[in-house]
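Heads up: numbering here begins at 1 and tracks the sequence.
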Amino acid sequence: KNAITASLIRLMSKMPLDKITVKDIVDDCDISRNTFYYNYQDIYAVIEELFEMELAAMLGTQSVSQTWNQTFSDICGFLYEYKGAVYSMYNSSRRDFLENQIGRIIYRCMEQAADATVKEAGLSVSSEDTGIIVRFYGGALKGLVLEWLDDKMRVPVDDIAARLDKIFDGSMRRALEQASRNFSTD
């Protein structure tokens with residue numbers, strides 16, 4: 001599996017995703033087609049697993065005090081590390097697949113951060129309100145990440161994250177606290 005993933009990343013840094021075939025991957029890592037299909041349904045399953053592994057790593061290291069600007073930094077750091085592969089997907093006919101994977105990671109990280117904040121602060125927030133807050137912050141972060149990709153990753157991630165911290169520090173917690181007050185009076 002590692003050889004397949006490494007091969008796909010290597011190939012994506014050289015050519016558009018739309019041009020990469022399973023044959024290219026198996027030739028590059030010297031395995032049979034059967035081996036590829038034993039492990040993966042298609043090329044997108046390889047990419048999805050890569051994002052899933054990154055998500056697990058992010059969620060595993062995310063602390064209760066994780067800020068959403070740190071989530072932004074972590075996601076952009078991952079995308080920057082695989083810049084060639086990312087732009088291979090970004091410029092392909094399946095750009096939506098990349099955007100959905102980015103969104104999935106962001107929303108899961110925001111969900112974990114919101115749940116941890118609610119638990120840490122002993123808040124009582126309805127799942128509907130938590131969901132709205134998660135989608136709001138997740139949508140904002142996804143928009144920032146996609147704009148950053150549109151801008152060819154020119155602005156350093158740390159600069160954006162520092163500004164996010166100055167502007168929005170504690171805002172998710174305040175939103176959850178407000179939702180908790182409203183929930184208790186409904």
task = Decide if atom OH of Tyr37 counts as having more than 12 heavy atoms of other residues, nucleotides or ligands within a radius under 6.0 Å.
result = yes
inquiry  = With rounding to the nearest 0.5 angstrom, report the CE to CD1 distance, Met89 to Ile43.
reply    = 11.5 Å
key: Over all atoms of both residues, closest heavy-atom pair of Ser88 and Met12   = CB-O, 3.2 Å
ask   = Is it the case that Thr130 and Ser127 place a side-chain donor and acceptor less than 3.5 Å from each other?
value = no
inquiry  = Any carboxylate oxygen within less than 4.0 angstrom of a Lys/Arg side-chain nitrogen, looking at Arg94 and Asp96?
reply    = yes
ask   = Are there more than 12 heavy atoms of other residues, nucleotides or ligands under 6.0 Å from atom CZ of Arg163?
value = no
key: Check against side chain to side chain contact (heavy atoms under 4.5 Å, CB included), Lys83 and Met153   = CA-CA 9 Å; Lys83 187 175 186 174; Met153 302 180 180; 3.8 Å; yes
query = Is Glu48 close to Arg104 at the side-chain level, that is, under 4.5 Å between some pair of heavy atoms?
reply = yes
key: Ring centroid separation Tyr137 to Phe168 under 6.0 Å   = no
task = Report the relative orientation of the aromatic rings in Trp148 and Tyr80; use parallel for angles under 30°, tilted for 30 to 60°, perpendicular for over 60°.
result = tilted
inquiry  = Counting neighbours of CG on Asp151 that are heavy atoms of other residues, nucleotides or ligands and sit closer than 6.0 Å, is the number greater than 12?
reply    = yes
query = Is the closest basic N to carboxylate O distance between Asp27 and Lys23 below 4.0 Å?
reply = yes
request  = Could you walk me through whether Ile105 and Asp74 pass side chain to side chain contact (heavy atoms under 4.5 Å, CB included), step by step?
outcome  = CA-CA 10 Å; Ile105 288 175; Asp74 292 347; over 6 Å; no
ask   = For Leu17 and Asn91, what are the C-alpha separation, side-chain angles and deciding distance, and is it a side chain to side chain contact (heavy atoms under 4.5 Å, CB included)?
value = CA-CA 8 Å; Leu17 178 61; Asn91 295 319; over 6 Å; no
key: For the student: nearest non-hydrogen atoms of Cys29 and Ser7, plus distance   = CB-CB, 4.0 Å
task = Validate the cation-pi geometry between Lys1 and Tyr40: distance from NZ or CZ to the six-membered ring centre under 6.0 Å, angle to the ring axis within 45°.
result = yes
